[in-house]
Colleague: 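Dumping the structure here so I can ask a few things about it.
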Amino acid sequence: MEYLIKRYGVEEFQILDDVFNVNMKRCKEILSMMVKRKLKVKVCFPNGVRADFFDDEMIEIMREAGVYRLAL
């Protein structure tokens with residue numbers, strides 16, 4: 001992601017993995033790394049994510065990472 005942003009000026013990532021958040025620990029780690037590296041991009045999940053694998057912490061990390069839209 002970092003390479004694509006710096007090299008090609010990518011401004012948005014659309015993640016099409018509808019089970020991206022099933023492994024909540026992995027999901028939080030990926031999003032937290034985006035926050036830590038200060039990747040200034042928009043992120044959306046147009047294909048959807050699992051509604052039964054969420055907690056308040058994940059929602060906050062998603063917001064901080066630039067997630068602006070997701071389908072459940």
Colleague: Nearest 0.5 angstrom please: Asp18 CG to Leu70 CG, how far?
Modeller: 12.5 Å
Colleague: For the hydrophobic clusters of this structure (ILVMFWY residues joined by side-chain heavy atoms under 4.5 Å, transitively), does one cluster hold both Val19 and Ile61?
Modeller: yes
Colleague: Decide whether Ile15 and Val22 are clustered together by the hydrophobic rule: side chain heavy atoms of Ile, Leu, Val, Met, Phe, Trp, Tyr closer than 4.5 Å, transitively.
Modeller: yes
Colleague: Working to the nearest 0.5 Å, report the span between CZ of Phe13 and CG of Leu39.
Modeller: 7.5 Å
Colleague: Do Phe54 and Leu72 come close enough that some side-chain heavy atom pair is under 4.5 Å?
Modeller: yes
Colleague: Should the ring pair Tyr8 and Tyr3 be called parallel, tilted or perpendicular, given that the plane angle runs from 0 to 90° and is split at 30 and 60?
Modeller: perpendicular
Colleague: Which heavy atom of Leu16 sits nearest a heavy atom of Pro46, and at what distance?
Modeller: CD2-CG, 3.5 Å
Colleague: Less than 4.5 Å apart, side chain to side chain, heavy atoms only: is that true for Val35 and Glu64?
Modeller: yes
Colleague: Do the non-hydrogen side-chain atoms of Asn21 and Phe45 ever get within less than 4.5 Å of each other?
Modeller: no
Colleague: Do Arg50 and Asp17 meet the salt-bridge criterion of a basic N to acidic O distance under 4.0 Å?
Modeller: no
Colleague: What distance separates Ser32 OG from Met62 CE, expressed to the nearest 0.5 Å?
Modeller: 11.0 Å
Colleague: Might you point out which heavy atoms bring Met34 and Ala65 nearest each other, and give the distance in Å?
Modeller: CE-O, 3.9 Å
Colleague: Do the side chains of Arg63 and Glu60 get close enough for a salt bridge, i.e. N-O under 4.0 angstrom?
Modeller: yes
Colleague: Does Lys42 come within less than 4.0 Å of Glu11, counting only side-chain N to carboxylate O?
Modeller: no
Colleague: Membership question, hydrophobic clusters at under 4.5 Å side-chain separation (ILVMFWY): are Val67 and Met24 in the same one?
Modeller: yes
Colleague: What verdict does the side chain to side chain contact (heavy atoms under 4.5 Å, CB included) test give for Val41 and Glu2, after you've listed the backbone C-alpha separation in whole Å, the side-chain angles of each residue and the deciding distance to 0.1 Å?
Modeller: CA-CA 10 Å; Val41 293; Glu2 195 168 22; over 6 Å; no
Colleague: Hey, what do you get for CZ (Arg37) to CE (Met1), rounding to the nearest 0.5 Å?
Modeller: 11.0 Å
Colleague: Flag the pair Val43 / Glu12 as yes when at least one side-chain heavy-atom distance between them is below 4.5 Å, and no otherwise.
Modeller: no
Colleague: Can you confirm whether more than 12 heavy atoms, excluding those of Asp52, are under 6.0 Å from its CG atom?
Modeller: yes
